[in-house]
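First the proteins, then the strands, lettered A, B, ... as listed; each starts at 1.
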2 protein chains.
Amino acid sequence: MADVTVSVLPDRVPAKPDPCAGSAEPAWDIIELLFFAYRDFVDDADDVLARYGFGRAHHRVLHFVCRHPGMKVADLLDILRITKQSLGRVLKQLIDQEFVEQKAGANDRRQRLLFVTAKGEALAMKLAGLQTARIERSLEELGVGSHDAARRFLLAMINPESRDGVLRLMARADRIRGART
Amino acid sequence: MADVTVSVLPDRVPAKPDPCAGSAEPAWDIIELLFFAYRDFVDDADDVLARYGFGRAHHRVLHFVCRHPGMKVADLLDILRITKQSLGRVLKQLIDQEFVEQKAGANDRRQRLLFVTAKGEALAMKLAGLQTARIERSLEELGVGSHDAARRFLLAMINPESRDGVLRLMARADRIRGART
DNA sequence: GAAATATGTCAATATGGCTGACGTAACTGT
DNA sequence: ACAGTTACGTCAGCCATATTGACATATTTC
């Protein structure tokens, strides 16, 4: 494997074949930074969620319903990669407490299309705001072009076969939410 | 760059013409890409872990013990931010099954310094190898300089007051492990 | 009318967090 | 030497979130 990844960094040299790894020395730095960064990132929302008696599962559902209004339950299951039983419990709480509401699909009335209520949107936006504050602080520190670089890096880390779906999902969300404002 | 004092502020913001806008538009793209990227990233190890009857908690412990040999239990608790009871359960399994071993500290014999066994190192390296494959594939796609860019982005996403500690931890690990090979 | 689809629900189980309380060995300081 | 603190372990129980398997209901499709 040609080392296209010329180490611009001072410390780590590509070591000789290691006992049990693939061929290369593990990318310890990225592995650990990703752990710490994600830990702090999801932490932002926890305090607020706790005030509502919610957990991260509620956040994930609320986020995707807010961002992709009218999505089907099946879509949500695909995205979150959990079972409908797991989703059901969390979704039921969000619906009972009127953060999310369901409407029968116009074409296919078996479908329960999901929407956030005003209350749900307020909470979703509050949580997104907290996370956005962290992101913007980071990107400002890093300067021009860092937003694109971060996007490209994160996208490249996604399974190749999933990337188109993710991009389509995000583009569609931008259309829908953009049209409302 | 405009000041982005996002909704860290009040619960109910009065008179908002646009229900969907905080003061700034959320960074939906980074929020969602981070979710999908991290989901796929941690997924890499799950199949292997399942074959040993382990979960992600075991992976985290094994990773940090492998990478930072001789670390104290208290250090691990700080890093993982879990209680000693939660750690205890997982750690006990790893020790009983001889993936990890404890040695009394030389200076302070109350301390139980943690080390991976050969078996533990093999598993840790296998898991790190899987994640490294994903990382290297991404960085190769993105070209020269992307490794540094990713590092900087992830570091900037970490709580500022934690960054020094993270960097010191990583530098120390490089020294220790680097000395062995 | 039969089959497939979208969703909901019941029951049981596992993992991985949590709190509180208590125990023990070992270090530290007067 | 003794008291207090520290590092760690453990018992008991609780909670959140995930799992599988089976089954129910409404609706669409062929």
Side-chain angles (χ1 to χ4, degrees), chain A residues 35 38-39 42-43 45-65 70-97 100-115, chain B residues 35 38-39 42-43 45-65 70-97 100-115:
Chain A
F35 169 81
Y38 197 77
R39 185 189 64 175
V42 295
D43 236 46
D46 283 356
D47 288 345
V48 175
L49 288 164
R51 291 209 286 275
Y52 293 86
F54 291 152
R56 287 174 191 170
H58 301 85
H59 187 186
R60 290 193 288 272
V61 171
L62 191 60
H63 168 91
F64 283 106
V65 173
M71 85 185 323
K72 295 182 292 180
V73 170
D75 295 337
L76 205 40
L77 290 175
D78 274 352
I79 289 173
L80 301 177
R81 288 196 195 153
I82 58 176
T83 59
K84 59 180 174 175
Q85 292 85 343
S86 297
L87 174 59
R89 181 175 25 80
V90 173
L91 190 52
K92 187 174 191 308
Q93 292 175 269
L94 287 170
I95 291 171
D96 287 349
Q97 296 178 47
V100 170
E101 59 186 354
Q102 292 180 320
K103 296 174 187 168
N107 303 331
D108 185 336
R109 288 180 43 220
R110 290 170 306 181
Q111 296 173 345
R112 308 298 166 85
L113 307 185
L114 301 169
F115 299 87
Chain B
F35 169 81
Y38 197 77
R39 185 189 65 177
V42 295
D43 236 45
D46 283 355
D47 288 344
V48 176
L49 287 164
R51 291 208 288 274
Y52 292 85
F54 291 152
R56 288 175 191 170
H58 300 85
H59 186 186
R60 289 193 287 271
V61 172
L62 190 61
H63 167 90
F64 282 106
V65 173
M71 84 186 322
K72 296 182 293 180
V73 171
D75 295 338
L76 203 42
L77 290 176
D78 273 354
I79 289 173
L80 300 177
R81 289 196 193 154
I82 58 176
T83 59
K84 59 180 175 176
Q85 293 88 336
S86 297
L87 173 59
R89 194 182 20 213
V90 175
L91 189 53
K92 188 174 191 309
Q93 292 176 269
L94 288 169
I95 291 170
D96 287 349
Q97 296 179 46
V100 170
E101 58 187 355
Q102 292 179 320
K103 295 174 185 169
N107 303 330
D108 185 336
R109 290 178 41 217
R110 289 171 305 180
Q111 296 173 348
R112 309 297 166 84
L113 306 185
L114 301 170
F115 298 86

Send over the distance from [X] [atom1] to [N] [atom2], rounded to a whole Å.
X: Arg109(B); N: dT6(D); atom1: CZ; atom2: C1'; value: 15 Å
X: Arg112(A); N: dT28(D); atom1: CZ; atom2: C1'; value: 14 Å
X: Leu91(A); N: dG8(C); atom1: CG; atom2: C1'; value: 11 Å
X: Leu87(A); N: dA16(D); atom1: CG; atom2: P; value: 17 Å
X: Leu76(A); N: dT7(C); atom1: CG; atom2: C1'; value: 13 Å
X: Leu77(B); N: dT19(C); atom1: CG; atom2: P; value: 12 Å
X: Gln111(B); N: dT24(C); atom1: CD; atom2: C1'; value: 16 Å
X: Lys72(A); N: dA6(C); atom1: NZ; atom2: P; value: 6 Å

Note: Asp43(B)-Arg81(A) ion pair, threshold 4.0 Å (strictly below):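 Arg81(A) and Asp43(B): salt-bridged.
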If you check every side-chain atom of [X], which of [options] has the closest atom?
X: Arg60(A); options: dG16(C), dT17(D), dA7(D); answer: dT17(D)
X: Arg110(B); options: dA18(D), dT7(C), dT6(D); answer: dT6(D)
X: Ala57(A); options: dG8(C), dG16(C), dT17(D); answer: dT17(D)
X: Gln102(A); options: dC8(D), dC18(C), dG8(C); answer: dG8(C)
X: Asp108(A); options: dA6(C), dT17(D), dG16(C); answer: dA6(C)

Heavy atoms under 4.0 Å, any strand shown: does Asp75(B) hit a base, just sugar-phosphate, or nothing?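 It contacts nothing in the nucleic acid.
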Under 4.0 Å between any heavy atoms, over every strand shown, what does Gln93(B) touch: base, sugar-phosphate, or nothing? Just pick one.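 If one applies the 4.0 Å heavy-atom cut-off, Gln93(B) turns out to touch nothing in the nucleic acid.
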Kindly indicate whether the side chain of Arg89(A) and the base of dA18(D) share any N or O donor-acceptor pair separated by less than 3.5 Å?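 Between dA18(D) and Arg89(A), which were checked side chain against base, a qualifying N/O pair under 3.5 Å is present.
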Using a distance-only criterion (donor-acceptor N/O pair, under 3.5 Å, no hydrogens), is the base of dG21(D) paired with the side chain of Gln85(A)?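 It does, because a donor-acceptor pair links the side chain of Gln85(A) to the base of dG21(D) below 3.5 Å.
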For [X] and [N], is the shortest distance between a side-chain N/O and OP1 or OP2 below 4.0 Å?
X: Ser86(B); N: dC18(C); value: yes
X: Thr83(A); N: dT19(D); value: yes
X: His58(A); N: dA16(D); value: no

Ignoring hydrogens and angles, tell me if any N or O in the side chain of Asp75(B) forms a donor-acceptor pair with the backbone of Lys72(B) under 3.5 Å.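 Present.
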Hey, is the main chain of Ile79(B) close enough, under 3.5 Å, to the side chain of Arg39(A) for a donor-acceptor pair?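 Judged by distance alone, yes, a pair lies under 3.5 Å.
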Give me the ring orientation class for His63(B) and His59(B): parallel if the planes are under 30° apart, tilted from 30 to 60°, perpendicular past 60°.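 If you compare the ring of His63(B) with that of His59(B), the planes turn out perpendicular.
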When you match Gly55(B) and Lys84(B) each to their closest nucleotide on DNA chain C, which lands nearer the 5' end?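 Of the two residues, Gly55(B) wins.
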State, yes or no, whether a side-chain contact exists between Leu80(B) and Phe35(A) at a heavy-atom distance under 4.5 Å.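 Side chain of Leu80(B) against side chain of Phe35(A), heavy atoms only: contact under 4.5 Å found.
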Mapping Asn107(A) and Ala74(B) to their closest nucleotides on DNA chain D, which lands nearer the 5' end?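 The 5'-side residue here is Ala74(B).
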Rounded to the nearest 0.5 Å, what separates atom CD in Gln111(B) from atom CD in Gln102(B)?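 One gets 12.0 Å once the value is rounded to the nearest 0.5 Å.
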